[in-house]
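Notes follow the structure.
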Amino acid sequence: MTDYRKIAALLFPQIHKTPEDYAAQYPARSLPEGAAVTRFAPSPTGFIHIGAVYAAMIAQRLARQSGGVFYLRIEDTDKKREVEDGIAQIVRGLEAFGIVADEGFVPGGETGAYGPYQQSHRGDIYQCYAKDLVERGLAYPCFCTEEDLNSVREKQEAQKLRTGYYGAFAHCRELSDEEIENKVRAKTPFVLRLKSPGREDRRISFADKIKGKIEMPENDQDLVLLKRDGIPTYHFAHAVDDHLMGTTLVVRGDEWISSTPIHMQLFQALGFKPPKYAHIAPIMKEENGSKRKLSKRKDPEAAVLYYYAEGYPAASVLEYLDTISNSNFEDWRRANPAADRWEFPFQLSKMSQSGALFDLNKLNDVSKNCISRMTAREVYEGIASWAREYDPAFAALLEKDPDYAKAILSIDRGGSKPRKDLAKWADAKAYMAYFYQELYQPDYTLPEQVAPADAAAVLAAYEKVYDPEDDKEAWFAKVKALCEPLGFSPDVKAYKKDPSGFKGHVGDLSTVIRIAVTSRRNTPDLCAIMGLLGRDACFQRLRAAKEYYQSAGASARAGVK
RNA sequence: GGCCCGAUGGUCAAGCGGCUAAGACACCGCCCUUUCACGGCGGUAACACGGGUUCGAUUCCCGUUCGGGUCACCA
C-alpha cells in the first residue's frame, strides 16, 4: 500500500504551505456579475509578435467591456528560450499600442494583489500544489531518462501504437515506495507526472467561445507537471495560475485547442473550476500559394517593430486588427467616424473560426483613413517622432520650423472629404519633399502633349501675373486668363469635345506651373502650396524652370535642323 | 499517421432551408475636377467536390479533397 503522504514529504521536504494557505492568500475577486478577468501571458522570448498584440488587444477589450480586469503575466518557465530584457520588451511593445494592463506587469514594474505575475517567482506555489497532488495519489515521480523514453517510443512506433507515456507504458506509475525512496535518496533526477485518470476511449467536450462545441478524446497521457529542475510545465502553471489569479476567460491562440483536454483534466484534479476558453485563429501569411501562420523567424511583418519602423501609427494597426477581429467593425467605423474604438461593441462570437491572411492593402487603406482623421498637429507629431528615430535629418528639417510643417500638413485636411495621401509616417518625406529646398530635386519632365517651348512661354507669361497675395479664386482666374493668348483652352470640357485648334487645356497649363514649382505632376492645391513656399522661392523656381525649357526648346530646334 | 478545427470572389467577409448570394480592400471603367487626392456611379470576380435529407440546399447530415493546428522535461 503506497503511502502518498510519505512520498510527498520525501519529494517536497521544504514545502509546508498547503493549498488552503494559498486559497486564503488569493481570495476570489469581487467583481460585478459578468465581469471577465482576462490575461495576456507571453514568454519573454524576444520581440512581440503581431499575433500577440492581436490576442492581448482582444483580451483587454473583453475585460474592459465587461468591467473586469486584464492582467499581464510572464510565463518564463523555459530559461533556454528566454531573452535578455524580454519582459521590458513585452511591456514596451504593448505600451506602444496603447495596451497597458490593469494588473501584473505594467510600464515601470509589477502591480496587483494576485502576484507574483512572473512564473519563475512562483516556484513554491507550484510545488505546493504538486505536493498536494502527490498526497492525493494523483501525481508521482518519474525517473525515466530520455533514453528510456525514446526506447518506449520506438517500441510504440514499431507496433503502430500511440506514442507517449500512458497506461502500461507509464512504468514509473508502478514504482514501490521503497524504490522511490531509494532513488530519491540517491539523488536520481526525476520529473513529476500526473497520474492521468483519463481514458482514450472516452470523450470530453467543452464550449469554446469562438469555435463552439469541441469534442475530443480524454487525455490519458501522464503529463509532466514539474520538470527535472522543479519548474512547472506550461500546462500545470496555467491551471495553478489562472485559478489563483481568478482568470475567468482565457484568450489564447488556437494552437492550444488540442491541449485543452489536458487542461480540463488538470483543473479537475486540482479541484479548480476551469475558466472559459476563447481560442483565436492566428493571422496567416501567404507564401507560394499556401497559407501559413505568420512566423516570428521568417516574416519581418510578424514583428510589431516592423510596423513601428515603417511608420504605421499604432492606432492604424489597432484598427486594422479590429477589422480582422470583428467583421462588422468597419461598418461601425463608417457610422461612427469620430468615435473611440473602445466604444465598439466587440463580440467574441463574431470572430472568425479560421485564420485570416494578413492584408497589407487593407492595412494601408485603414491607415490612410486613420491618418486622414487626425489633426495636422497629430500628424506632425507622428511624423516627427518617427523621423527622430528613423530619419534624423528629416526630423531636424521638420523641427526647424514646426509651424511650416504643420501648415503643409494642413492643406486640404479636415472637412468631409479629407485627403488620404499618407498610409504611414514614412510616406511623409516624399509627400513633403518639394516644400524643402534641402530635399527638393528639380525634375522638369513635361507631359507628352506639352512642348518645352510652350512650357517656357507659359512660365514667362505667368511670371508676369503671379501675385503671392492672390487667393485661390484670383489665382486660378489668372491661370485661366493665360490660356487663350497662349493657345490653350480655358475650358476643359470644350477642349475635350473638340481639341483641334488648341495646344491643350487649362489643366495642361496649370500642370506646367505645377511642375515648375514642385517638380510634380500631381499635388494638392497649388495655390496653397505656392502660398507656403513664399514669393521668393516661387519666382526662383518659376524662372529656373523657364530657363530650362528655353534652352531645351532651343536645343530641340537645333536638333531638328 | 492519430486527434482536432476549418472551407462563400485575389484578400477580409455577410449569410444561419426559398436572396437577382450583402459589404470592404485590391483591380478596371465612367463622372466630378486646373493635377492628384477625396467623393459619386458602375464593372470583372465566389458558395471545393460527390452523395444524401427536403417540395427546395451556400445553409442540415455523411464521405472525399484541400488548407490549418497539434501530438516535448517549449510555450
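Numbers restart at 1 for each chain; the letters A, B, ... are given by sequence-line order, proteins then strands.
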**Q.** Complementary nucleotide of B/U34, counting Watson-Crick and G-U pairs under 3.5 Å
**A.** none
Q: State the pairing partner of B/G1; accept Watson-Crick or G-U wobble contacts with both distances under 3.5 Å, and report none otherwise.
A: B/C71
(Q) Just the rounded figure in Å: distance from P of B/C3 to CD of A/E218. (A) 16 Å
Q | Pairing nucleotide - B/C27, Watson-Crick or G-U, each distance under 3.5 Å | A | B/G43
Q. Which sits closer to the 5' end of RNA chain B, A/I231 or A/D331, going by the nucleotide each is nearest to?
A. A/D331
Nucleotide N/O to protein N/O under 3.5 Å, stretch nucleotides 28-30 of chain B:
none

Q: For A/C527, report the nucleic acid contact type (base, sugar-phosphate, nothing); a contact means any heavy atom under 4.0 Å.
A: nothing
**Q.** Residues A/R341 and A/E319 bridged, charged N to O under 4.0 Å
**A.** no
Q: Check every strand shown and say whether A/R520 touches a base, only sugar-phosphate, or nothing at a heavy-atom separation below 4.0 Å.
A: nothing
Q) Reckon A/S352 has a side-chain N or O less than 4.0 Å from the OP1 or OP2 of B/A13? A) yes
Q) With both distances under 3.5 angstrom, what nucleotide forms a Watson-Crick or G-U wobble pair with B/A14? A) none
Q | Heavy-atom check, side chain of A/K424 versus side chain of A/Y307, under 4.5 Å | A | no
Q. 5'-most contact on RNA chain B: A/K362 or A/T233, nearest heavy atom basis?
A. A/K362
Q.
Say we look at B/A48 and B/U8: how far apart would their C1' atoms be, to the nearest angstrom?
A. 10 Å
Q.
Mind checking if A/V479 touches a base, just sugar-phosphate, or nothing, with heavy atoms under 4.0 Å?
A. nothing
Q. Which nucleotide sits closest to the side chain of A/R228: B/C73, B/C3, B/U34?
A. B/C73
Q) Who pairs with A/Q441 by side-chain contact (heavy atoms from CB on, under 4.5 Å), at least two apart in sequence or on another chain? A) none
**Q.** A/Y165 six-ring centre to A/R173 NZ/CZ under 6.0 Å and within 45° of normal
**A.** no
Q. Counting only side-chain N and O atoms of A/Q353, is one of them less than 4.0 Å from OP1 or OP2 of B/G6?
A. yes
Q: Check the side chains of A/Q265 and A/S196 for a donor-acceptor pair under 3.5 angstrom, ignoring hydrogens and angles.
A: yes
Q.
Can you classify the ring geometry of A/H235 versus A/H263 as parallel (below 30°), tilted (30 to 60°) or perpendicular (above 60°)?
A. tilted
Q) Should the pair A/D412-A/R419 be classified as a salt bridge under the 4.0 Å nitrogen-to-oxygen rule? A) yes
Q.
I need a per-nucleotide contact map over nucleotides 35-47 of chain B, read 5' to 3'. Cutoff is protein heavy atoms under 4.0 Å; write B for the base, S for backbone only, - otherwise.
A. BBBBS--------
Q: Describe the nucleic acid contact of A/K472 in one word from base, sugar-phosphate, nothing, applying a heavy-atom distance below 4.0 Å.
A: base
Q) Does B/A14 have OP1 or OP2 sitting under 4.0 Å from an N or O in the side chain of A/S327? A) yes
(Q) Check this one for me: any side-chain N or O of A/R162 less than 4.0 Å away from OP1 or OP2 of B/G1? (A) no
Q. Picking from B/A75, B/C4, B/U34, which would you name as closest to the side chain of A/I214?
A. B/C4
(Q) Quick check on B/A75: is either OP1 or OP2 less than 4.0 Å from any side-chain nitrogen or oxygen of A/K227? (A) yes
Q.
Using a 4.0 Å heavy-atom cut-off, does A/Q221 contact any base of the nucleic acid, only the sugar-phosphate backbone, or nothing at all?
A. nothing
Q | Stacking check A/Y234 vs B/C74 (5.5 Å / 30 deg) | A | no
**Q.** Gap in Å between the two P atoms, one belonging to B/C5 and one to B/U44, rounded
**A.** 38 Å
Q. When rounded to the nearest Å, what value does the distance between P atoms of B/C66 and B/G23 take?
A. 34 Å
(Q) Could you check whether atom NZ of A/K227 has more than 12 heavy atoms from other residues, nucleotides or ligands sitting under 6.0 Å from it? (A) yes
Q. Within the structure shown, what part of the strands sits under 4.0 Å from A/I257 by heavy-atom distance: base, sugar-phosphate, or nothing?
A. sugar-phosphate
Q. If you check the A/V506 side chain, which of B/U34, B/U70, B/A24 turns out closest?
A. B/U34
Q) Sub-3.5 Å donor-acceptor pair from the side chain of A/N369 to the main-chain atoms of A/V366, do we have one? A) no
Q.
Over all strands shown, is A/T77 touching base, sugar-phosphate only, or nothing at heavy-atom distances under 4.0 angstrom?
A. sugar-phosphate
Q.
Applying the Watson-Crick and G-U wobble criteria at under 3.5 Å, what pairs with B/A7? Answer none if nothing qualifies.
A. B/U65
Q. Given the C1' atoms of B/C49 and B/C12, what is the spacing between them in whole Å?
A. 25 Å
Q: For the pair A/W332 and A/F329, name the ring-plane relationship: parallel under 30°, tilted 30 to 60°, perpendicular over 60°.
A: tilted
Q | Interatomic distance at C1', B/U58 relative to B/G15, whole Å | A | 8 Å
Q: Describe the nucleic acid contact of A/R203 in one word from base, sugar-phosphate, nothing, applying a heavy-atom distance below 4.0 Å.
A: sugar-phosphate
Q) Ion pair present between A/K362 and A/E330, side-chain N to carboxylate O less than 4.0 angstrom? A) yes
Q) Which nucleotide in the list B/C25, B/C5, B/A75 gets nearest to the side chain of A/D359? A) B/C25
Q. Which nucleotide in the set B/C4, B/C5, B/A26 lies at the smallest distance from any side-chain heavy atom of A/P217?
A. B/C4
Q: Can you figure out which of B/A75, B/G6, B/C25 approaches the side chain of A/D365 most closely?
A: B/C25
Q) With respect to the side chain of A/L357, which nucleotide from B/C12, B/C74, B/U34 is positioned closest? A) B/C12
Q: Measure the acute angle between the ring planes of A/F206 and A/H279, then classify it against the limits of 30° and 60° as parallel, tilted or perpendicular.
A: perpendicular
